[in-house]
Amino acid sequence: QAQLMESGGGSVQAGGSLELSCAAPGYPASKRCMAWIRQAPGKEEELVARIDIPTGAKYYADSVKGRFTIFQETTKITKTTRLKMDGLPAEDTAVYYCVLGSQRLDNGGKWVCPSTPMRYADWGRGTQVTVSL
């Protein structure tokens, strides 16, 4: 199967906007959870946004809620997600990874998309987002 293909990113001044895009061609329908995970220098990986493709259910980390929006555009062959990032502060500087995974059973016996980066098996190469003051 093909790799995840990321695009977008780059440099922007604080307060600006950027949009990331990720295409996942040829993956099975069971891989229904697409997410964006970022890693800033010296910090742990953070899942910032997630979408369950069949239902459109979205999740945002508190750190980005109200500023980031995740979209999906899916065909029979390719799952595509976009992450629109507005009002970027310098603290959003990081490498952003597109990831793809399957649902897991939570403690209540419900199938949900994972919340932790380690539960995602398929990762893109990452794209740098740099926000300058």
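Just so it is clear, the structure is predicted and the values come from calculations on it, not from any experiment.
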Quick one: side chains of residues 12-25, donor-acceptor pairs under 3.5 Å with protein atoms, not counting sequence neighbours, listed by atom name and distance.
| unit_1 | atom_1 | unit_2 | atom_2 | d |
| --- | --- | --- | --- | --- |
| Ser17 | OG | Asp86 | OD1 | 2.7 |
| Glu19 | OE2 | Arg82 | NH1 | 2.8 |

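Looking at Leu4 and Tyr97, their side chains never come closer than 4.5 Å, going by heavy atoms from C-beta outward. Taking the side chain as every heavy atom from C-beta outward, Ser11 and Ser132 never approach each other to under 4.5 Å. Side-chain atoms of Trp123 and Cys98, non-hydrogen and from C-beta on, never get closer than 4.5 Å to each other. Side chains of Gln72 and Met34 form no contact here, defined as non-hydrogen atoms less than 4.5 Å apart.
Leu83 and Ile37 are not part of a single hydrophobic cluster, where members link through side-chain heavy atoms under 4.5 Å apart. By the rule that hydrophobic residues join a cluster once side-chain heavy atoms approach within less than 4.5 Å of another member, Val64 and Ile51 end up as members of one cluster. In the hydrophobic clustering of this structure, Val112 does not group with Ile53; members are Ile, Leu, Val, Met, Phe, Trp, Tyr whose side-chain heavy atoms approach within less than 4.5 Å, directly or through other members.
Judged by distance alone, with hydrogens and angles left aside, the side-chain atoms of Thr130 form no donor-acceptor pair with the main-chain N or O of Thr93 at under 3.5 Å. For the pair Gln128 (side chain) and Gly9 (backbone), a donor-acceptor distance under 3.5 Å is absent. A donor-acceptor contact shorter than 3.5 Å is absent between the side chain of Tyr96 and the backbone of Trp36. Remark: side-chain polar atoms of Glu6 are paired, donor with acceptor, to backbone N or O of Gly126 under 3.5 angstrom.
Atom NZ of residue Lys31 and atom CG of residue Asp122 lie 4.0 Å apart, to the nearest 0.5 angstrom. In this structure, Leu100 CG and Thr81 OG1 are separated by 10.0 Å, a value rounded to the nearest 0.5 Å. Once rounded to the nearest 0.5 Å, the distance linking CG of Asp106 with SG of Cys113 reads 11.5 Å. Note: Leu47 CG to Tyr60 OH = 12.0 Å, rounded to the nearest 0.5 Å. Ile70 contributes atom CD1, which lies 12.0 Å from atom OH of Tyr59 (distance to the nearest 0.5 angstrom).
Counting heavy atoms of neighbouring residues, nucleotides and ligands inside a 6.0 Å radius, atom CG of Leu105 exceeds 12 of them.
Of all non-hydrogen atoms in Ser102 and Ser30, the two that sit nearest each other are OG-O, 3.3 Å. Of all non-hydrogen atoms in Lys79 and Tyr27, the two that sit nearest each other are NZ-O, 3.5 Å.
The salt bridge (charged side-chain N to carboxylate O under 4.0 Å, His left out) search around Arg67 returns Asp92, not counting sequence neighbours.
Both the sub-6.0 Å distance and the 45° axial angle are satisfied by Lys58 relative to the ring of Phe71.
Legend: side-chain hydrogen bond (donor to acceptor under 3.5 Å, both in side chains) pairs involving residues 41-56, not counting sequence neighbours, sorted by first then second residue: Arg32-Asp52, Arg38-Glu46, Glu46-Ser63, Arg50-Ser115, Asp52-Thr55.
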